[in-house]
There are 2 protein chains.
Amino acid sequence: MKKVSIKDVALKAGVSIASVSYVLNNKIDSRIGKDTVDKVRKAAEELNYRPNNAAKSLKTQRTHIIGLIVADIANPYFSQIARIIENEANKKGYTVIIGSSDENKEKFEGLINMFCDRQADGLIIAPVEGAEDCLQKLQRQNMPFVFIDRYLPQVLADSIQINNYDISYEVTEHLIQNGRKNIVLVAYTTTLHHLLQRTQGFTDALQQHSLECNAQSILSIDKDAIDADVDAGFTNLFNSSTVPDAVFFTSNKLAVAGLKKLMKLGIDIPKDLAVVAFDETEAYELFSVPLSFVRQPLAGIGTTAVTLLHNKITDHLLPVQNIILEAELHVSRSSELIIN
Amino acid sequence: MKKVSIKDVALKAGVSIASVSYVLNNKIDSRIGKDTVDKVRKAAEELNYRPNNAAKSLKTQRTHIIGLIVADIANPYFSQIARIIENEANKKGYTVIIGSSDENKEKFEGLINMFCDRQADGLIIAPVEGAEDCLQKLQRQNMPFVFIDRYLPQVLADSIQINNYDISYEVTEHLIQNGRKNIVLVAYTTTLHHLLQRTQGFTDALQQHSLECNAQSILSIDKDAIDADVDAGFTNLFNSSTVPDAVFFTSNKLAVAGLKKLMKLGIDIPKDLAVVAFDETEAYELFSVPLSFVRQPLAGIGTTAVTLLHNKITDHLLPVQNIILEAELHVSRSSELIIN
DNA sequence: TATATTTGATTAAACGTTTAAGCAAATTGA
DNA sequence: TCAATTTGCTTAAACGTTTAATCAAATATA
């Protein structure tokens, strides 16, 4: 069964292929008679005509494809954002292609190349460390893109960010105000700016409240050995002379790994240890204690990303925008004030 | 900055565009001289030539795009499978486009249409209820596809399935052998075959072991009201005259909802209630008791799906294959034998 | 040496669209 | 009534590839 083309429709309707194209694309400015419109519509309908996107793209230089690069689509944070982006993009007539970088620069560049080869109209990117060159090159090729979740200071591009510093400061202050003195931040070993901001918010809050920030205050975790590092780190901490009385996890994966370990250690939450986690995930709900957590505005991130990108696609010369959305701390049992 | 085309390469190398095409596609059968090959390669390299996929697709009728329809990419079961499929497909030169149906027929058909319009080479599909017509139409259009996770008996197509009946029988028998007499199956209200098989395995096992299967034995949950239904159902069950001593969840989402409720009810697991869940998810790991669960062969499902589809794409006349992979029961604390 | 074959390249058509340009008929304006 | 304009439609080029067909030169065969 051969695909039906615009030519077949033209033949059946008894008009030229140009007319068919004009009608089917609703080009009202190009004066088509009422009855040809009807004839064409009817023929197209009867033949069940569907336009060929390859041909369309070739001619118009538009694919209506948006590439989305996340760290890992299996991470609920990204899969939720991906769904929102997909919906929003569909509304605007785009199809989304998702790729996972695994925080790996080679994979990341591979994805970028793939999207270029597929002539995506634009990209929504959670960049990996060290991708500056690659992205600057991308800019020179005039490929529109916007950052989500994170950004690279050396790359001047649109971005959707959250108030990483402020929210982290707020979480820390919340713990301090509830009487915690020995707070540990669990963070990745990284140079990624948004994560450094979270750390900075933490240390500034400690300092502001005259609490010491020592070698034990920050537990640095290698993203490729989360479970092992968390395991070893917590074992050390809880065997040390100054046992922590609060812990703040800066990502959902760190939180899950950490909570698993805390269960094993049999720590009493919130009595002996207050806990706050970044992000939300289904997993938190099965933890024995309702968790305090930082909720990111996922819907906002997704929809603004698409809007920003769409604007950029339709007008390449738009000025760079950096939009900052607010994450919120939701306090629950795990970090409640203990009355002795 | 204008995109460089094959024409520019031809010009620079001082040969015809045909020669460039032959060289760049490694068409060795079409006798090209060693030095033209070099000239072309060099020119392409220097100009940083990248082929235009739209043009390529238009000419070859191949897009090297695979469409993947899952119920919900934010469900870890599907997001893990999606990653595997993406990797495997990339190896074979395909790009994967993912869409979520939300078990909604209209969305499902929308996705099918989208993939047809984008002239995907083939589809990997977790079909929704009532999609028979739509998929038979798809077959008539010669679009190759393979089913994963589930299948529709009325649609004769390739599929990757798991041993739903057997594993469910095995789980039930396991519970019975550990002395449980009042087992409840938590399942969706559905006509989807793979889920009915799970139910059938359960009821057959009960019958085989002379246990009654009554109105209380199966808790039917509406997929659009999981939390509410589970909540009400469990409240009833645990207030009834015959309180269950075991529960088998037939999906990860049902398990998470159920476990949340069990926590609230303060049920002692495994002493008062044995629990087995289908699928694996990070969330299980934060539950207070290590959970017995059914592990699906995700890697196998993903890779075979791609292989099957790729074969079908390259040879449309291949006979239909239905491949059945084995899921395995992993027993843990939550369903252990209690010695009184 | 004349003919047949092989080698290495090119020409040109085709894939299915979009759209500027052109043209004839109908309508308007004076 | 005739030129100017508007209306409705068509022609044809272009987008960037692939590939069958062709061709000339070089080589092999007799």
Side-chain angles (χ1 to χ4, degrees), chain A residues 1-41 43-44 47-65 93 116-121 141, chain B residues 1-41 43-44 47-65 93 116-121 141:
Chain A
M1 182 153 58
K2 193 64 189 42
K3 278 285 286 176
V4 4
S5 80
I6 207 176
K7 210 166 167 180
D8 305 311
V9 178
L11 208 66
K12 171 141 192 169
V15 299
S16 72
I17 62 169
S19 300
V20 176
S21 177
Y22 287 129
V23 171
L24 265 22
N25 291 319
N26 292 313
K27 295 256 192 263
I28 34 134
D29 50 323
S30 40
R31 336 158 283 213
I32 311 280
K34 184 84 182 62
D35 48 344
T36 18
V37 170
D38 292 343
K39 274 192 295 184
V40 169
R41 290 250 167 79
L47 293 174
N48 192 19
Y49 168 76
R50 309 258 63 196
N52 180 316
N53 268 285
K56 223 167 179 148
S57 296
L58 176 58
K59 187 63 195 167
T60 61
Q61 311 282 26
R62 280 292 193 79
T63 53
H64 292 277
I65 284 177
C116 287
D117 287 358
R118 291 230 171 255
Q119 5 289 129
D121 288 347
Q141 292 169 206
Chain B
M1 181 151 60
K2 194 62 189 46
K3 277 285 288 177
V4 3
S5 79
I6 208 176
K7 209 165 165 180
D8 304 312
V9 178
L11 208 67
K12 172 139 191 170
V15 300
S16 71
I17 62 170
S19 301
V20 176
S21 177
Y22 287 130
V23 170
L24 264 24
N25 290 319
N26 292 312
K27 295 257 192 261
I28 34 133
D29 51 323
S30 41
R31 333 158 286 215
I32 311 280
K34 182 85 182 63
D35 49 343
T36 20
V37 169
D38 292 344
K39 273 191 295 183
V40 169
R41 291 249 168 79
L47 292 174
N48 193 22
Y49 168 76
R50 309 258 63 195
N52 179 317
N53 269 285
K56 224 167 178 148
S57 297
L58 177 58
K59 188 61 196 167
T60 60
Q61 311 283 26
R62 281 292 195 81
T63 53
H64 291 276
I65 284 177
C116 287
D117 287 359
R118 292 230 170 254
Q119 7 284 130
D121 288 347
Q141 291 169 208

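What you see below is based on every heavy atom in this structure, not just the backbone, and it leaves out hydrogens, waters and symmetry mates. Every chain is numbered from 1 and lettered A, B, ... according to where its sequence line falls, protein lines coming before strand lines.
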Quiz item: Reckon B/Leu58 touches a base, only the sugar-phosphate, or nothing at all at heavy-atom distances under 4.0 Å?
Solution: base
Exercise. Without swapping roles, check the side chain of A/Asp121 against the backbone of A/Arg62 for a donor-acceptor pair under 3.5 Å.
Key: no
Quiz item: How would you give the extent of chain A contacts on DNA chain C, as first and last nucleotide 5' to 3' within a 4.0 Å heavy-atom cut-off?
Solution: C/dG16 to C/dG22
Exercise. Check for a donor-acceptor pair, side chain of A/Gln119 on one end and backbone N or O of A/Gln61 on the other, with a separation under 3.5 Å.
Key: no
Practice problem: With the side chain counted from C-beta on, respond yes when A/Gln141 and A/Cys116 share a heavy-atom pair under 4.5 Å apart, and no when they do not. | Solution: yes
Quiz prompt | Spacing of A/Lys7 atom NZ relative to D/dT10 atom C1', expressed in whole Å | solution = 15 Å
Self-check item: Atom-pair distance (CG on A/Leu11; C1' on D/dT10), nearest Å
Solution: 15 Å
Exercise. Give the C-alpha distance, both sets of side-chain angles, the deciding distance and a yes or no for salt bridge (Lys or Arg N to Asp or Glu O under 4.0 Å) between B/Asp35 and B/Lys39.
Key: CA-CA 6 Å; B/Asp35 49 343; B/Lys39 273 191 295 183; 5.7 Å; no
Quiz item: So, do B/Asn48 and B/Val4 sit near enough that their side-chain heavy atoms are less than 4.5 Å apart?
Solution: no
Quiz item: Is there side-chain contact between A/Leu24 and A/Tyr49, with heavy atoms separated by less than 4.5 Å?
Solution: yes
Quiz item: Rounded to whole angstrom units, what separation is found between the CD1 atom of A/Ile32 and the C1' atom of D/dT10?
Solution: 10 Å
Practice problem: Return the angle between end axes of the helix from C/dT1-D/dA30 to C/dA30-D/dT1, with five pairs used per end and rounding to 10°. | Solution: 50°
Quiz prompt | Inter-residue atom distance B/Ile32.CD1 - B/Asp38.CG, 0.5 Å rounding | solution = 12.0 Å
Quiz prompt | Whichever of A/Arg31 and A/Val4 has its nearest DNA chain C nucleotide further upstream toward 5' | solution = A/Val4
Quiz item: When you measure from every atom of DNA chain D, which of residues 50-57 of chain B have a heavy atom less than 4.0 Å away?
Solution: B/Arg50, B/Pro51, B/Asn52, B/Ala55, B/Lys56
Quiz item: What is the distance from atom CG of A/Asn52 to atom OG of A/Ser5, rounded to the nearest 0.5 Å?
Solution: 9.0 Å
Practice problem: Work out which heavy atom in B/Leu58 is nearest to a heavy atom in A/Ala54; give both atom names and the distance. | Solution: N-CB, 3.8 Å
Quiz prompt | Side-chain heavy-atom pair A/Thr63, A/Arg118 within 4.5 angstrom cut-off | solution = no
Quiz item: Should the pair A/Asp8-A/Lys12 be classified as a salt bridge under the 4.0 Å nitrogen-to-oxygen rule?
Solution: no
Self-check item: Partner set under side chain to side chain contact (heavy atoms under 4.5 Å, CB included) for A/Ile17, not counting sequence neighbours
Solution: A/Ile6, A/Lys7, A/Ala10
Quiz item: Near DNA chain C, under 4.0 Å by heavy atom, which residues of residues 16-23 of chain A?
Solution: A/Ile17, A/Ala18, A/Ser21, A/Tyr22
Practice problem: State which residues pass side chain to side chain contact (heavy atoms under 4.5 Å, CB included) with B/Arg31; sequence neighbours excluded, sorted by chain then number. | Solution: none
